[in-house]
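Residue numbers begin at 1 in each chain, while the letters A, B, ... track the order of the sequences.
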There are 2 protein chains.
Amino acid sequence: MERNTRQRGAIRSALESADRPLSPQEVLTRARQDVDSLGIATVYRSLSSFEKEGLVIPVHLPGDPTRYELAGKGHHHHFRCRKCGRVFEVEGCPGNLHQLTPVGFKLESHEVLLFGLCGECG
Amino acid sequence: MERNTRQRGAIRSALESADRPLSPQEVLTRARQDVDSLGIATVYRSLSSFEKEGLVIPVHLPGDPTRYELAGKGHHHHFRCRKCGRVFEVEGCPGNLHQLTPVGFKLESHEVLLFGLCGECG
DNA sequence: GTCGTTGCAAAGCGTTTGCAGCCTA
DNA sequence: TAGGCTGCAAACGCTTTGCAACGAC
């Protein structure tokens with residue numbers, strides 16, 4: 001059973017106030033503004049329980065720690081600038097993915113990652 | 001300047017004989033059949049120098065260590081079975097990716113990952 | 001002979017876990 | 001009050017690095 005604690009509230013708030021996926025470390029920094037005794041272990045435990053509940057979604061980027069963002073934003077993907085490292089959300093989806101899937105395979109989900117330069121760095 | 005050593009040869013062979021991306025640990029196991037004193041540090045160092053040379057390509061999968069495959073196979077993506085964990089190469093590419101890219105951004109590369117069940121597990 | 005390469009061991013870094021005390025329900 | 005939650009520190013697994021010996025060119 002899930003309990004509502006100050007820590008979990010702070011972690012959820014941190015994610016809500018962000019407009020991009022946050023790493024556990026970034027979550028910790030932000031959430032400590034609410035609960036300054038917060039420990040990194042609690043962040044990891046909360047994020048993974050939020051993930052199980054479907055409240056947050058993990059965003060995996062090559063070479064970076066896993067980031068998390070709130071679920072319910074609708075289907076989208078991510079663009080990472082190779083210069084400044086920031087991660088942006090991109091609307092839409094290329095589609096056609098079932099056409100790529102080998103015969104006999106069952107496609108359940110997918111991830112599309114774009115890399116390049118953002119508007120400011122380009 | 002790059003030198004040809006038995007170790008690098010063994011690592012390259014390991015990748016050549018595989019039909020799927022290998023993790024550094026898997027590369028080590030296979031390459032040790034040629035050079036049994038091979039150490040894991042050498043595998044990491046060689047893989048990253050091969051990557052810089054453009055000889056191999058890293059394949060990143062959420063939750064797994066980075067795998068490597070030989071470059072020059074043509075553009076393709078990957079499908080991972082959530083049951084058996086195997087990673088398959090997928091021909092083709094969804095295209096349309098420039099349409100997803102925000103205005104002012106410069107798209108340089110991308111990655112598409114498919115998840116689901118393979119033919120045997122489905 | 002030079003200097004890049006190797007293997008070992010130690011260090012790094014992100015993540016997980018054991019445990020005793022805390023606090024929500 | 002029960003049992004989930006928390007913070008700390010230790011443990012973990014993968015990856016990187018320091019260093020002295022090695023070996024390709």
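Distance check: A/Leu117 CG to A/Arg80 CZ gives 12.5 Å after rounding to the nearest 0.5 Å.
In the hydrophobic clustering of this structure, A/Val112 groups with B/Phe88; members are Ile, Leu, Val, Met, Phe, Trp, Tyr whose side-chain heavy atoms approach within less than 4.5 Å, directly or through other members. Under the 4.5 Å side-chain contact rule for hydrophobic residues, A/Val56 and A/Tyr44 share a cluster. Connection of A/Val27 to A/Val59 is not established within any shared hydrophobic cluster, with ILVMFWY side chains joined at heavy-atom distances below 4.5 Å, either directly or through further cluster members. Note on B/Leu47: it clusters hydrophobically with B/Leu55, by side-chain heavy-atom contacts below 4.5 Å among ILVMFWY residues. B/Leu28 is connected to B/Leu70 through a chain of hydrophobic side-chain contacts under 4.5 Å among Ile, Leu, Val, Met, Phe, Trp and Tyr, so both are in one cluster.
Set against C/dG4, D/dG4, C/dT15, the side chain of A/Arg3 has D/dG4 as its closest nucleotide. For B/Pro65, whose side chain is taken as the heavy atoms from C-beta onward, the closest listed nucleotide among C/dG4, D/dC14, C/dG7 is D/dC14. Out of D/dA24, C/dT15, D/dG7, the shortest distance to the side chain of A/Leu38 is found at D/dG7.
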Kindly give the atom pairs (protein nitrogen or oxygen, nucleotide nitrogen or oxygen) under 3.5 Å for nucleotides 16-21 of chain C.
residue : atom : partner : partner atom : Å
C/dG18  : O6   : A/Arg45 : NH1          : 3.3

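Between A/His60 atom NE2 and C/dT15 atom C1' the separation is 13 Å, expressed in whole Å. Summarising the geometry, the separation between OH on A/Tyr68 and C1' on C/dG14 is reported as 11 Å, rounded to the nearest angstrom. Spacing between atom CG of A/Leu47 and atom P of C/dG14 amounts to 15 Å, rounded to whole angstrom units. The interatomic distance linking B/Arg32 (CZ) with C/dT6 (P) rounds to 14 Å, in whole Å. Between the CG atom of B/Asp36 and the C1' atom of C/dC8 there is a distance of 16 Å, given to the nearest Å. Rounded to a whole Å, the CD atom of B/Glu51 is 15 Å from the C1' atom of D/dT16.
With sequence neighbours excluded, no residue forms a ring pair (Phe, Tyr, Trp, His ring centres under 6.0 Å) with B/Phe50.
Across residues 4-30 of chain A, A/Asn4, A/Pro24 each have a non-hydrogen atom less than 4.0 Å from an atom of DNA chain C (numbered order).
The closest side-chain heavy-atom distance from B/Glu53 to B/Glu2 is below 4.5 Å.
By the 30° and 60° cut-offs, the orientation of the rings of B/Phe105 relative to A/Phe79 is perpendicular.
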